[in-house]
Amino acid sequence: MHLYDLTIAQASGLLARREISSEELVRALLARVEAVDPLVQSYVTVCGDEALDAAKHADQQLAKGGAGPLCGVPVAIKDVFCTQGVRTTCSSKILETHVPVYDATVVAKLKEAGAILLGKTNMDEFAMGASTENSGFFPTKNPWDLTRVPGGSSGGSAAAMAAGLCLSAIGTDTGGSIRQPASHCGVTGIKPTYGRVSRYGIVAFASSLDQAGPICRDAEDCALVLSAISGHDPLDSTSIPAPAPDYTKNLGQGVKGLRLGIPKEVFDAPGLSPEVRKAVDGAIALFQDLGAHTVEVSLPRTDLAVAVYYIIAPAEASSNLARYDGVKYGFRAPNSESLKEMYHTTRSRGFGPEVRRRILIGTYALSAGYYDAYYKKASQVRTLLVQDFQTAFQSCDAIISPVAPTPAFRIGERVHDPLAMYLADIFTIPANLAGLPALAMPCGFSAEGLPMGVQLMARHLDEETLFRAACAFQKATEHHLRRPPLANERKTA
Ligand code: GLN
């Protein structure tokens, strides 16, 4: 097995026993990035020298013994997380040269755990998108088929993970941006409960929805990484004041007796491809074989979730993005005659079309006279959606659904049709609106050889049930073990 194919659990065993060094591992990954990333284009910035320095330090820690499971493990970070001394662009021209002076809490926690920052991954600009085509720099390709999108907005992270360009990749999820790209790239990702992971130092998109989480080869690795990055942070006022649990504790408990909710409306959603439906039905049958009971539940307002999201998220974005005015951060348009003109040209040139579209929608929805009709109404429906989940969770412990309606679509296929792009998140958005934890993992492959994913959602703070169910599933299946042909054919490391 190649070093770049290892899970974190495997790598940390080898590192702890000193069978490999962190430096060796980092060198193998960097060689792999050099060979494969020109095709996939998952990284915006690779931190080769810094990573090797950090690996040497990790090797000293490992030599002393007693290091944690992430010590010496190379990870990729979505370019939405502030990294001290390392450019943080949000894949936007407006932040192209921005170098933060501090680390996001997630980054600081990973470094504390001894993880090695390998680089920053590409994304849709300001995390707005579902294909990574909205990156202000270049689109990332799906490692399973280079003519297709990897999903988004954390498409760089998911593609890097699938192509063997890191051992874990961190993403953020506002409406599906961890789960949908994980599904399209055949890897496992979790969006934790809102407030579980600190948002401090994450460039804000929609503050009431944004949440960070890991993308990994399997659920066990996700549990390892989430244990390291979650927990209360006084620097984020919405961070939940509860200690970070050790999510790896009960992974082997199985699903006997687990009540698995099947939301009937979701499976009737228009646009759900028969192949995806079949793969998810197969996953349900397997959970039954493993001892779970299925119960039908109702989420009657599922069809309103996308509309609600596309009021609330742009509204919050329009407010959050007001800070990019050419004065405080990054790019400033030169040669303006007045302050107003400087604001105008900076923002028109610095932001791409999707970001401008969202700012316009959000500003409109919040304006006097329309606030009640749009933002207030959307917030009220959001509350109803939360109640629907509360009712559903009275009769089940987890809810199962597809992640995305179709396997990965072709690059260019939806860029000129924002509505078609927005519908990519029809199954993932409800968990963000309700603040619930949700996990995506591979459950099959299409006739064209593209990975398809299944989603599990649980009650607030019950990530443990998701991990337990996902581990049982992955123990009984091999979808997560498959690698894209690209990753196998190239001769590296
Ligand atoms: N695709 C959704 C959007 O464009 C979700 C993005 C996200 O989760 N960051 O807003």
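First listed ligand is number 1; within each ligand, the first listed atom is number 1. Quick caveat, the model's predicted, so the values are computed rather than measured. Side chains are part of it too, since the values below use all heavy atoms of this structure and drop only hydrogens, waters and symmetry mates.
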Can you pull the residues with any heavy atom under 4.0 Å from ligand 1?
Ala127, Met128, Gly129, Ala130, Ser153, Asp173, Thr174, Gly175, Gly176, Ser177, Phe205, Tyr309, Tyr310, Arg358, Asp425
Under the rule for salt bridge (charged side-chain N to carboxylate O under 4.0 Å, His left out), what residues qualify as partners of Glu354, not counting sequence neighbours?
Arg357, Arg358
With the threshold set at 4.0 Å, does a side-chain nitrogen-carboxylate oxygen contact exist between Arg301 and Asp388?
yes
Within 45° of the six-membered ring axis of Phe331 and under 6.0 Å from that ring's centre, is NZ or CZ of Arg349 located there?
no
Please give me the minimum heavy-atom distance between Asp218 and Thr188, naming the atom from each residue.
CA-OG1, 3.6 Å
Counting only heavy atoms not in Tyr329, do more than 12 sit closer than 6.0 Å to its OH atom?
no
I'd like to know if Asp397 and Arg459 make a salt bridge, using a cut-off of under 4.0 Å between side-chain N and carboxylate O.
yes
